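Encoded as structure tokens, the structure appears first; notes follow it.
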There are 2 protein chains.
Amino acid sequence: MSEKQNYHHGELRDALVEALRELIERDGPDGFRIAEACRIAGVSTAAPYKHFKDRADMLRAVCLSAMQRLEGHMMDAADAFPAGDPQRVVRLGEAYIGFARAEPGVFRLMFGLTEDHKDDCELKKLSDSAEDIVARVVADQMKISPDDQDARLRAYALWCFVHGHCFLELDGKVDPHTPETQSALLGMIATSIVPLTA
Amino acid sequence: MSEKQNYHHGELRDALVEALRELIERDGPDGFRIAEACRIAGVSTAAPYKHFKDRADMLRAVCLSAMQRLEGHMMDAADAFPAGDPQRVVRLGEAYIGFARAEPGVFRLMFGLTEDHKDDCELKKLSDSAEDIVARVVADQMKISPDDQDARLRAYALWCFVHGHCFLELDGKVDPHTPETQSALLGMIATSIVPLTA
DNA sequence: CTTACTAAGTTAGCGACGCAAACATACGGG
DNA sequence: CCCGTATGTTTGCGTCGCTAACTTAGTAAG
């Protein structure tokens with residue numbers, strides 16, 4: 001794989017997704033060009049269409065991989081402390097925010113897709129699973145079932161808060177927060193929305 | 001102004017902004033085409049460039065007018081109940097959510113702009129003023145000064161929540177809420193984040 | 001009223017991009 | 001060994017954003 005320039009790339013699909021990810025970070029979800037991703041991957045501009053239907057399909061693939069990564073980070077955060085530890089909620093929020101800051105371009109992309117992706121089963125499944133993680137942590141905290149209506153509602157509220165915080169910061173609508181302010185904020189929210197015990 | 005086809009449009013700039021707004025709602029913030037806006041306004045495809053520097057500049061104008069509208073709705077909501085009435089917080093949130101639902105396209109646009117708009121003074125001033133409205137209502141509720149640190153923090157938390165809720169719903173990441181669920185949610189959040197008295 | 005300047009349109013055209021068609025090359029199973 | 005299929009390449013079409021050069025309308029001065 002080193003120097004011999006094979007006619008067939010071998011792993012073009014993955015290479016393109018990675019190149020697109022970089023470009024989206026550099027130029028934003030709309031500013032990037034497919035042609036440039038091809039140049040990075042070392043193929044012609046028509047090559048991607050052997051692996052993707054069109055531009056939207058490529059974006060979808062980038063989204064999918066990003067979603068899996070985000071979910072991974074959330075899982076890690078949820079498992080970093082034992083069930084019931086109040087720190088879990090804060091850590092979960094920090095993981096989400098951390099991802100948004102590390103990959104603002106794809107983060108925006110994931111949550112800024114237009115209607116034609118709404119009925120994408122794979123994506124929906126992943127965001128549902130993200131919601132489930134939040135619900136599980138919140139339910140553990142409240143010592144009730146994750147299926148409990150109240151738990152789900154509070155989990156959703158928590159998600160809304162963190163999600164909104166990410167976007168407002170990314171968009172520069174608010175002055176950036178120091179780590180301390182944000183910690184305080186997260187702590188306040190966590191205890192406000194999620195009671196210490198049911 | 002009726003049937004005489006003037007060579008000069010007269011109010012082309014405003015007409016274009018309005019046409020763009022419609023198209024953004026129909027095709028999304030990225031899907032629209034300038035040429036189509038020209039057709040709607042009844043001018044050639046080169047005409048817009050007498051009023052706007054480029055596409056980004058047009059979007060900026062659409063954003064600006066949308067921001068003013070949103071701020072107007074928020075002001076109305078804040079004034080619908082007397083200072084101190086707990087309903088003010090809920091109404092404010094509903095106004096924000098209502099705008100996002102009524103104009104999802106421009107709402108996404110307003111908060112999805114890439115970095116080149118971050119240093120736009122006019123836009124920043126408007127979003128600051130929106131934040132001020134929230135802070136004022138929250139401070140009234142808590143019977144403290146709007147400049148109080150705690151008030152501003154809680155106002156921001158409230159904004160985050162409502163903002164995140166809007167996007168998650170717009171993006172179809174969650175199942176849509178019935179008006180009742182949303183009311184309950186808003187009420188719960190409002191009382192959680194904003195204590196009845198200081 | 002004429003004249004000259006400017007604002008605000010027009011047409012024509014360039015260059016880039018997304019995408020499709022037709023062709024070329026490598027791999028892999030009978 | 002051979003053929004089918006997957007995966008590349010080259011070529012080209014249509015569209016779009018934007019510019020240049022020209023035309024028309026309004027306005028202010030003499």
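Heavy atoms only: backbone and side chains are in, while hydrogens, waters and symmetry mates are out. Here the structure is a predicted model, which means the values were calculated and not measured. Chain A is the first sequence line, chain B the second, and so forth, proteins listed ahead of strands; every chain is numbered from 1.
Aromatic rings from B:H163 and A:H165 are positioned such that their centres are separated by 6.0 Å or more. Between B:Y96 and B:H73, the ring centre distance reaches or exceeds 6.0 Å.
Note: CZ (A:F52) to P (C:dG18) measures 14 Å, nearest angstrom. The CZ-P distance, from B:R33 to D:dC18, rounds to 15 Å in whole Å. For the pair A:D30 CG and C:dG18 P, the computed distance is 12 Å after rounding to whole Å. Rounded to whole Å, the distance from CE on B:M58 to P on D:dG17 is 8 Å. Atom P of nucleotide C:dT25 and atom NZ of A:K50 are separated by 15 Å, given to the nearest angstrom. Taking atom CG on B:D57 and atom P on D:dC18, their separation rounds to 10 Å, with Å as the unit. Rounded to whole angstrom, the span from the CZ atom of B:R39 across to the P atom of D:dT15 amounts to 14 Å. At whole-Å resolution of the value, OH in A:Y49 and P in D:dG12 are 18 Å apart.
Along DNA chain C, the nucleotide nearest B:A47 and the nucleotide nearest A:K53 are compared for position; the residue whose nucleotide lies closer to the 5' end is B:A47.
Between A:H51 and the phosphate of D:dA6, there is no side-chain N or O to OP1/OP2 separation shorter than 4.0 Å.
Hydrophobic clustering (side-chain heavy atoms under 4.5 Å, transitive across Ile, Leu, Val, Met, Phe, Trp, Tyr) keeps B:F81 apart from B:I133.
Among the heavy atoms of the strands lying under 4.0 Å from B:A46 is at least one base atom, whether or not backbone atoms are also near.
Both tests hold for B:R55 against B:F32: distance to the six-membered ring centre under 6.0 Å, angle to the ring axis within 45°.
The side chain of A:R55 sits closest to C:dG18 out of D:dT10, C:dG18, C:dT10.
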